[in-house]
**Q** 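Take this structure, written in structure tokens, and hold onto it; I'll ask about it next.
Not measured: the values here are computed from a predicted model. Note that ligands are numbered from 1 as they come in the structure, with each ligand's atoms numbered from 1 the same way. Reckoned from all heavy atoms, side chains included, excluding hydrogens, waters and symmetry mates.
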Amino acid sequence: MGKSVFPENFLWGGATSANQCEGAWDEDGKGMSVADCSTYKKHVNVADYKGQHSITSQDIEEAMESKDVHKYGKRHGIDFYHRYKEDLDLFQEMGFKTLRVSIPWTRIYPTGMETEPNEAGLRHYEELFTEMKKRGIEPLVTLHHYEMPLYLCNHYDGWYRREVISLFLKFCQTVFKRYKGLVTYWLTFNEIDSVFRHPFTTIGLVEDRYPADKWEEIIYQSVHNQFVASAMATKLLHEIIPGAQMGCMITRTLTYPENCHPKNMLQALKENRKNYFYSDVQVRGEYPKHIKCEWERKGIHVEFGPEDEKMLKAYPVDFVSFSYYMSRVTSFDTANKEMVSGNLTSGIKNPYLETTEWNWQVDPTGLCISLIELYDRYQKPVFVVENGLGSRDRVEEDGSIQDDYRIQYFREHIQAIADAIAEGVDVMGYTPWGCIDMVSMSTCQMSKRYGFIYVDVDDEGNGSYERKRKKSFYWYKKVIASNGADLD
Ligand code: BG6
């Protein structure tokens, strides 16, 4: 075993989102969120993300009428809402220093419109964070993880209407005040760059409600409103909890050129730049010029409030966080080429990489590249807040789960982080996604498992909900105990 390159205070842990693990979708005064409308589609091709993510006004009407928790998989989750103490014990046993969770807006303000917060919701997270602290686990809290109140989608056009900014800030202010002393690390918008990939989930927009020729403009306006909300939330956080830190969160969709053809190089550069747009605004505090050029070319008009540019500049985030699952390949000429899709983006198949059953191209080196690039670009601490392998696990007759494939995946990705640290990158921590199995965001499947901990639930929400330690559980525990030195 070599010497650890990870800093002493490195935040090892895991990541979750409330809507995928809590269940209890209509308990203790919680309102309906966009997540409560996503359905488990049994016969769908799991690699066809477009088919799975399209949502219509009719689908929403049906979801609002229905109490079904089997079809709407995120409604059952893994019952973390009631079992969190047992789960925290397991995370503590693995040696977690941090746990990423989210607070659904709808548990605190069920429709987003109330003037008084829901005390039951506030109390729940106070207890959760207190229990985490007791176990030496630092909360890392996402404020907006695909959980916006459905009421605001139906009555305020999601994030398109500017009024939503102040409704969101009311929620932020409430939770900052209440959890002062309990929570230091916060994230604004999960995968903010996903606005074009799944607008309903990210910004509450339903495509059939808007004129097709205005759709792109509407999305840009909505994400602009989120940028402003991010800046204002950062300002509020620093005022209410001095010393607390806010991070932005993007999906790092690292794009390689198919080869060194200059046209491919240029195309890859443009696609990467497009992905960086979202962190550029939140970290540098201003729009990159290429986006404004694009708007001009396309005749897109985004309404800025008189103070918006000043706010963006004055209140950038403190650190840069991102999810990383895969890389993609682009070419200016895609005719007759094999395509793969993963994490809702598609590209050409990379002949050097393996793909998962869900078509995600596994690329640990890409994580090292992403860390170096992000750090070089912004010179702010970076945090890998999601990374992991979705796969089917088998429970053996003796009850064990021999997930060596997951261990191999994490070994290579943690090594990639170590390599980036050796290159001088300031990495704050690592929170693998779905550290405990939970309902998949894109497919609502339970059988797409990411966890170190197995949860006995099937795709329709049936099962004992019993937790079991997988082989990777013991391996990750050893990794944390050695501060990343022992990856064997
Ligand atoms: C990220 C999301 O895109 O990927 C998570 O932030 C999600 O919410 C994760 O669960 C993995 O995706 P999936 O679709 O396999 O659950």
**Q** With atoms numbered from 1 as shown, which atoms in ligand 1 lie under 4.0 angstrom from a non-hydrogen atom of Gln20?
**A**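 Atoms satisfying the 4.0 Å criterion: 5 (C), 7 (C), 8 (O), 10 (O), 16 (O).
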**Q** Whether the Ser464 and Asp456 side chains hold a donor-acceptor pair (N or O, under 3.5 Å, no angle test) is what I'd like checked.
**A** yes
**Q** Does a side-chain N-to-carboxylate-O contact under 4.0 Å join Arg100 and Glu386?
**A** yes
**Q** Is it the case that the side chain of Thr202 and the backbone of His198 share a donor-acceptor pair, with hydrogens and angles ignored and the cut-off at 3.5 Å?
**A** yes
**Q** Please classify the Tyr324 to ligand 1 contact at 4.0 Å (heavy-atom distances, strictly less than): side chain, backbone, both or neither.
**A**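 The answer is neither; Tyr324 stays 4.0 Å or more away.
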**Q** Which atoms of ligand 1 have any heavy atom of Tyr450 under 4.0 Å away?
**A** 11 (C), 12 (O), 13 (P), 15 (O)
**Q** Quick one: does ligand 1 sit under 4.0 Å from the side chain of Asn190, the backbone, both or neither, non-hydrogen atoms only?
**A** side chain
**Q** Side chains of residues 426-436: which donor-acceptor pairs under 3.5 Å do they make with residues two or more places apart or in other chains?
**A**
from	atom 1	to	atom 2	distance (Å)
Tyr430	OH	Asn387	OD1	2.5
Thr431	OG1	Val385	O	3.0

**Q** Quick one: does Tyr325 get a heavy atom under 4.0 Å from ligand 1?
**A** yes
**Q** Should you measure from each heavy atom of Glu191, which atoms of ligand 1 turn up under 4.0 Å away?
**A**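 Close to Glu191: 1 (C), 2 (C), 3 (O), 6 (O).
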**Q** Looking at non-hydrogen atoms alone, which of Gln445, Glu386, Arg449 comes nearest to atom 4 (O) of ligand 1?
**A** Glu386
**Q** Judging by distance only, is a nitrogen or oxygen of Lys448 under 3.5 angstrom from one on ligand 1?
**A** yes
**Q** Do Arg107 and Asn118 have a side chain donor and acceptor closer than 3.5 Å?
**A**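 No, Asn118 and Arg107 have no side-chain donor paired with an acceptor closer than 3.5 Å.
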**Q** Taking only residues two or more places apart in sequence or in another chain, which ones pass salt bridge (charged side-chain N to carboxylate O under 4.0 Å, His left out) with Lys85?
**A**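 Once residues adjacent in sequence are excluded, Lys85 has no partner under the salt bridge (charged side-chain N to carboxylate O under 4.0 Å, His left out) criterion.
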**Q** Which ligand 1 atoms are under 4.0 Å away from a heavy-atom of Ser440?
**A** 13 (P), 14 (O), 15 (O), 16 (O)
**Q** Purely on distance, is any nitrogen or oxygen of Tyr146 under 3.5 Å from one on ligand 1?
**A** no
**Q** Taking non-hydrogen atoms only, is Met438 closer than 4.0 angstrom to ligand 1 via side chain, backbone, both or neither?
**A** neither
**Q** Decide yes or no for Met246 and Trp186: does some side-chain heavy atom of the first lie under 4.5 Å from some side-chain heavy atom of the second?
**A**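 SC-SC contact between Met246 and Trp186 confirmed.
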**Q** Less than 3.5 Å between some nitrogen or oxygen of Val439 and one of ligand 1, yes or no?
**A**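 Not met; the criterion fails.
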**Q** Take His224 and Tyr287 through the ring-ring contact (aromatic ring centres under 6.0 Å, His included) test and state the conclusion after the steps.
**A** CA-CA 10 Å; His224 173 73; Tyr287 272 71; 5.8 Å; yes
